[in-house]
Each structure stands twice: as structure tokens, then as C-alpha cells.
Participant: 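Structure in C-alpha cells, see below.
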2 protein chains.
Amino acid sequence: MGTVTKALQLLTFFSRAQPLIGLSDMARLSGMNKATVHRMLGELQAAGFVEQVGTGRHYRLGPVYMRLAALREHAVPLRDVVGAVLQSLCDETQETAHFSLLQGTQLVATAHAYSPHHGTRVTMEDAQILTLHGTSSGLAVLAYARADFVHAVLEAPLPARTQHTITNPKELRAKLAQVHQNGIAESISGFEEDVHSHAAPIFDAHGQPFGAIAVAAPVARMDQRLRQNVRRATLAAGMHLTRLLGGFPPDTYPTPLNPTEIHG
Amino acid sequence: MGTVTKALQLLTFFSRAQPLIGLSDMARLSGMNKATVHRMLGELQAAGFVEQVGTGRHYRLGPVYMRLAALREHAVPLRDVVGAVLQSLCDETQETAHFSLLQGTQLVATAHAYSPHHGTRVTMEDAQILTLHGTSSGLAVLAYARADFVHAVLEAPLPARTQHTITNPKELRAKLAQVHQNGIAESISGFEEDVHSHAAPIFDAHGQPFGAIAVAAPVARMDQRLRQNVRRATLAAGMHLTRLLGGFPPDTYPTPLNPTEIHG
DNA sequence: TTGAGTTGGTTCATTATTTGAACCGATGGT
DNA sequence: ACCATCGGTTCAAATAATGAACCAACTCAA
């Protein structure tokens with residue numbers, strides 16, 4: 001492993017739970033010698049990637065990221081990042097993948113990717129508005145949204161798009177609890193007939209959900225094998241996208257490391 | 001110079017104007033051997049700090065910055081604090097307010113607020129780099145910076161962005177003395193034509209300036225009444241922000257309690 | 001078509017940097 | 001007063017960085 005890689009690795013140990021790290025801790029975390037870590041932190045500090053707080057004692061992430069993040073966003077806008085993730089999720093599941101963004105109290109599907117693998121596929125309208133209670137994407141967002149937001153949504157009239165749409169607030173709250181536990185939402189024909197979809201929430205820098213990434217397949221094609229694959233891939237894609245966009249899942253969010261533990 | 005520093009230096013060559021850089025270009029820009037640059041870019045890429053677009057050909061900034069910027073923000077919530085102060089300064093003066101941060105020897109405009117009150121207004125680019133000698137923000141920082149820092153800046157080439165830019169070191173030192181006495185810097189068309197700006201320095205816990213808060217208005221709109229209001233408000237906002245961020249002005253800094261005593 | 005001048009990328013002997021055990025003085029808790 | 005740990009430093013030994021020369025692929029002009 002090169003020196004640069006080792007130095008950059010140090011930056012990965014900072015987290016929301018551990019924003020300040022001391023020299024010795026950093027040496028332990030990285031498994032490197034204290035003198036080595038000291039020199040590396042010195043170089044990172046000189047470049048502004050890390051800074052010391054107070055009189056030595058602790059290091060934290062430096063001020064350069066504002067600028068670099070702004071430049072990155074300018075070079076690669078959000079839609080490009082989302083598009084790439086959608087494409088790979090689509091390739092992986094060979095079903096329609098789409099991304100939706102919460103705008104006020106409306107969930108808007110802003111991007112999608114189709115798989116050429118099957119003759120039949122779920123199709124999306126551009127800028128289609130998804131109901132929060134009737135789609136997997138909506139349920140994924142609701143399951144992690146603030147209580148007052150959920151309350152407002154469930155108190156409002158809940159239109160049934162199909163005869164399978166759940167419109168009973170009590171029933172919906174039970175479902176949201178289940179989604180919250182699994183980290184992924186599932187909806188069978190709740191929005192369009194014969195569409196079976198899964199969705200994972202996307203979180204912002206404050207751990208609040210602001211959108212969802214989803215995979216939608218025809219009900220007829222959804223067997224146990226495909227379902228497992230879709231759930232695993234969607235959960236992973238959601239986590240990945242959250243991280244790419246600089247967001248953080250809340251502490252309660254289930255890790256996708258053990259997808260077999262997820263119950264349906 | 002350490003290897004890590006050299007590698008990180010590569011990142012500074014990316015800019016809004018040049019978001020994509022090839023291997024050979026990067027070698028030229030950095031003055032390092034092509035093989036060295038190649039290996040460094042490889043390591044930066046593996047860590048996500050840089051990524052290749054298409055089939056080789058070009059490199060651009062990688063996806064890690066969104067996440068790191070969010071973590072930085074979480075650890076040091078500058079943005080929120082600065083944003084609020086900018087907004088109220090903007091409301092008070094009804095002109096564009098902006099905040100810049102000293103990163104090494106570069107002053108970077110990291111946040112701004114626009115007033116909807118006038119049809120014409122001064123606009124800002126994200127992550128715009130401000131010259132230290134040609135902007136009010138830069139002069140505000142320089143006026144309180146360490147002597148060796150000022151020396152280094154004034155010895156380096158001083159580009160003239162406009163025909164009004166002061167580039168004579170002697171003249172600049174005289175101006176800095178005046179800024180130091182008033183606690184506020186003023187620049188008329190020194191960076192952009194027809195922009196009249198005022199700036200106050202922001203100090204850290206050691207009494208060192210690390211940024212500035214400024215108000216920029218079209219030259220045509222700057223009359224005596226607006227100027228007085230801007231000076232008073234900018235000075236107050238600077239003091240306020242310094243305090244909010246846990247900093248202290250040096251003992252020589254003029255108190256804003258008697259704004260009528262300030263000479264221009 | 002050819003050839004000169006690019007490009008990104010690779011090789012490997014030479015060189016210079018990185019490494020880490022041992023060592024500071026300072027700090028903090030018992 | 002003690003002991004553990006802190007951040008930071010030293011220097012011989014070990015290791016990784018370096019760069020001139022070299023590809024193959026591509027672009028452009030003659």
C-alpha cells in the first residue's frame with residue numbers, strides 16, 4: 001500500500017459519532033506507528049484536509065471540503081450521480097429502477113432506468129407524482145420521516161389508486177414500523193396494478209430522508225429468487241447513493257452487511 | 001516535501017474553469033514526473049478523491065467530498081452560523097452579502113446571500129477565489145494577518161483584475177494601515193468593474209484573521225447614506241460572527257460601539 | 001499513407017523517503 | 001507521588017518513491 005493511500009485512509013476514521021480523533025487513537029485505528037501517523041496528519045493539516053482543535057489534543061476534518069465539494073457538484077451534478085447508480089441497479093436486477101425526490105409533501109419520480117432484458121417492463125412517466133402511502137418509495141420515506149410529517153400525511157385523505165392500496169392509517173403505521181425495521185419498503189399493486197416494487201430511502205446530511213431509490217417489476221415475474229436479489233441490491237444502492245450525496249443514515253438504520261437477516 | 005503533500009497538491013489544480021485534467025497536463029502543472037503523477041492519481045482514485053472519466057483520457061474530482069464536507073459541516077457547523085449572519089446582513093443592507101474563508105494562501109468565497117430588493121445586484125460564483133490584494137475581503141484579512149504572511153503575499157506577483165486594482169506594494173501597505181485603523185476594508189472596482197464592496201475580518205480563537213464578511217453593491221447605487229449603513233452593518237456582523245465562532249478580535253481592533261468615529 | 005507529435009500508461013535500477021522502537025516532557029487521573 | 005497516557009521527536013534500517021526510457025494507441029497535417 002502506498003503512502004498516499006495510507007494517509008487518505010486516516011480520513012475515513014472520522015465520522016459523526018467520532019468527529020475528533022487524537023494522535024494515539026488514530027494510530028490504533030489505522031494500525032500504523034504513531035510517528036508515521038503524526039507525520040501524515042501533519043501533511044494533511046498543511047494541506048487543510050485536517051486541522052487541530054485547541055492545543056494539539058485532537059484532530060478533525062479540515063476546511064478544504066467546502067470548496068472541493070462545490071467543485072465536484074459543479075463537475076458532476078446530482079442527476080449524473082443518480083443516473084449512474086440507477087443504471088447499475090437496473091443492470092443488477094434487470095428490472096426498472098427509479099429515483100424519487102421529496103418536494104415539500106410531494107414525492108416526485110425524477111429519474112429512471114429501464115432494463116432491455118425483458119419484453120415486459122414497468123414504465124415510468126417523467127416527473128410522475130408518487131403517493132406517499134401507496135408506493136414503496138413513499139413508504140420508505142415515511143418510515144424515516146419526522147413524526148409530525150407522518151402525522152400530517154396520514155391525517156389527510158388517502159386516495160386508493162387500486163383496490164390493493166392500503167388507506168387505513170392504523171394499518172399504514174404498522175407497515176411503516178415494519179419498513180423502519182427492515183430498511184426497505186415493499187408494495188404490491190398499491191399504485192399500479194400488477195406492479196411489485198421495493199424502495200430504500202435516501203438520507204441527507206442530517207439523517208433525514210429526502211427521496212428514495214426503487215426497483216419495480218411485474219407481479220408475475222416476482223419469485224422468491226428475484227425478490228431476494230432486488231431487496232439486497234436496492235438496499236445496497238440506497239446506502240451507496242446516500243453516501244455519494246454526502247448523507248448519513250440514522251443510527252437506527254439496518255446495515256446492509258447481512259441482507260439475509262432481513263425479514264419480509 | 002512529503003509524498004502525501006505532493007499528491008494532495010494535485011487536487012488544487014482542479015477548478016471551475018478546468019474540471020477535467022489529463023495525465024500529461026497534470027504532470028506539467030505540478031512540475032512532477034509523469035510516472036509519479038500517474039501513480040499518485042491512481043492512489044487518489046482508489047480512495048475516491050479523483051475519478052477517471054471515460055476510458056482514461058481525463059481525471060476529475062471524486063465522490064468523497066460530499067461525504068467529507070457533510071462530516072466537516074457536522075463537526076464545525078460554519079455554514080449554518082455563517083448563513084444566518086449573512087442573511088441578516090443582507091436584509092439590513094439590501095445588497096449582496098458574502099463570506100470568504102482563508103485556505104492556505106487562498107481566500108475562497110464560500111457562502112453568500114442575495115437581496116431581492118433591487119433588480120440589479122452583485123452576483124457570486126460558488127467557491128470563487130478572491131485575490132488578497134484586490135478585494136475588500138482580502139484587504140480586511142491582510143490588514144490583521146502576520147507580518148510574514150503579508151510580506152509573502154505582497155512579494156508575489158500581484159495581478160490586476162481591473163484597471164482600478166492597486167498592485168503597488170507600497171500603496172497597498174498604506175491602505176492596509178488605514179484598514180487596520182478602521183477595522184473595515186473598502187474596495188471600489190478592484191476585483192470586478194462597477195462593484196463597490198466593504199469587508200470586515202473574522203478572527204479565530206488566537207486572534208488571527210481566517211476569513212471575512214463583506215457587502216458588495218453596484219458602484220452606481222453607493223451613495224453616502226448607503227455607505228454609512230453598509231459600514232456599520234458589516235463591522236457589526238463581523239464582530240458578531242467572530243464571537244459566534246468562538247474567536248476574539250485582537251486588542252487593537254476598533255470596537256464597533258462608536259461607528260461614527262470610523263474614518264474613511 | 002505516412003510520419004511527427006501527441007496521448008495514457010509501464011518498467012526497473014537508483015535514490016530518497018518512509019518507517020518504527022525508543023525516547024522525550026507534559027498532562028490527567030488515582 | 002505515582003503511573004499511565006498523551007502528543008510529539010529522533011535516527012538507523014527498511015521500504016517506497018522516483019524518473020529516464022519505453023510502449024501502444026491516437027490525432028493531425030502533409
Side-chain angles (χ1 to χ4, degrees), chain A residues 1-15 17-63 71-72 75-76 84, chain B residues 1-15 17-64 71-72 75-76 104 204-206 208 246:
Chain A
M1 187 172 20
T3 313
V4 175
T5 300
K6 289 183 211 163
L8 295 180
Q9 189 204 357
L10 296 181
L11 299 175
T12 66
F13 294 112
F14 291 102
S15 67
Q18 199 170 12
L20 265 54
I21 305 182
L23 175 61
S24 297
D25 274 342
M26 192 60 102
R28 266 189 293 277
L29 285 168
S30 62
M32 297 190 293
N33 186 280
K34 202 172 49 165
T36 303
V37 172
H38 180 252
R39 191 175 39 77
M40 285 176 172
L41 285 175
E43 291 200 58
L44 289 171
Q45 180 176 32
F49 283 70
V50 126
E51 68 182 8
Q52 269 180 299
V53 43
T55 75
R57 238 59 201 151
H58 291 293
Y59 293 86
R60 69 180 172 204
L61 291 174
L71 287 174
R72 162 71 181 181
V76 189
Chain B
M1 184 170 26
T3 313
V4 176
T5 300
K6 289 182 212 162
L8 294 180
Q9 189 204 354
L10 296 181
L11 300 175
T12 66
F13 294 112
F14 292 102
S15 68
Q18 199 170 14
L20 265 54
I21 305 181
L23 175 60
S24 297
D25 275 342
M26 192 60 103
R28 266 189 293 277
L29 285 168
S30 62
M32 296 190 292
N33 187 280
K34 201 174 50 164
T36 302
V37 172
H38 180 252
R39 190 175 38 77
M40 284 175 172
L41 285 176
E43 292 199 58
L44 288 171
Q45 180 175 32
F49 282 70
V50 127
E51 68 183 6
Q52 266 179 301
V53 43
T55 74
R57 240 55 204 154
H58 291 292
Y59 293 85
R60 68 180 173 204
L61 291 173
V64 299
L71 281 173
R72 161 73 182 180
V76 189
D204 66 13
H206 306 295
Q208 288 298 309

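Convention: sequence-line order gives letters A, B, ...; per-chain numbering from 1. Just so it is clear, the values below take in all heavy atoms, side chains as well, and ignore hydrogens, waters and symmetry mates.
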Participant: Does D:dC6 have OP1 or OP2 under 4.0 Å away from a side-chain N or O of A:S24?
Facilitator: yes

Participant: Could you check how far NE2 of B:H38 sits from C1' of C:dT11, rounded to whole Å?
Facilitator: 12 Å

Participant: Return the value, rounded to whole Å, for the distance between atom CE of B:M26 and atom P of C:dT6.
Facilitator: 20 Å

Participant: Between B:N33 and A:A35, which is nearer to the 5' end of DNA chain D once each is assigned its nearest nucleotide?
Facilitator: A:A35

Participant: How long is the gap from CD on A:E51 to CZ on B:R72, to the nearest 0.5 Å?
Facilitator: 4.0 Å

Participant: Between B:M26 and B:F13, does a side chain to side chain contact (heavy atoms under 4.5 Å, CB included) hold up when you go through it step by step?
Facilitator: CA-CA 8 Å; B:M26 192 60 103; B:F13 294 112; 3.8 Å; yes

Participant: Roughly, in whole Å, what's the span from CD1 in A:I21 to P in D:dC6?
Facilitator: 13 Å

Participant: Would you indicate, yes or no, if C:dG9 has its OP1 or OP2 atom less than 4.0 angstrom from a side-chain nitrogen or oxygen of B:Y59?
Facilitator: yes

Participant: Would you say A:Q45 reaches D:dG8's phosphate, i.e. side-chain N/O to OP1/OP2 under 4.0 Å?
Facilitator: no

Participant: Counting distance alone, no hydrogens or angles: does the base of D:dG8 have a donor or acceptor under 3.5 Å from a partner atom on the side chain of A:K34?
Facilitator: yes

Participant: Please report the distance, rounded to the nearest Å, between CG in A:D25 and P in D:dG7.
Facilitator: 7 Å

Participant: Hey, could you give me the CG/CZ distance between A:L11 and A:F49, rounded to the nearest 0.5 Å?
Facilitator: 7.5 Å

Participant: Indicate whether OP1 or OP2 belonging to D:dA16 is found under 4.0 Å from a side-chain N or O atom of A:T3.
Facilitator: no

Participant: Distance check needed: C:dG20 P versus A:M32 CE, whole Å only.
Facilitator: 9 Å

Participant: Nearest whole Å is fine: how far is D:dG7 P from A:L10 CG?
Facilitator: 14 Å

Participant: Output, in order, the C-alpha distance, side-chain angles, deciding distance and verdict of side chain to side chain contact (heavy atoms under 4.5 Å, CB included) for A:L10 and A:M32.
Facilitator: CA-CA 10 Å; A:L10 296 181; A:M32 297 190 293; 3.6 Å; yes

Participant: Nearest whole angstrom, please: distance from the C1' of D:dT18 to the CD of B:E43.
Facilitator: 13 Å

Participant: Name the residue closer to the 5' end of DNA chain C, choosing between B:R28 and A:R39 according to the nucleotide with the nearest heavy atom.
Facilitator: B:R28

Participant: Where each residue is assigned the nucleotide of DNA chain D containing its nearest heavy atom, which of A:M1 and A:L23 is assigned the position nearer the 5′ end?
Facilitator: A:L23

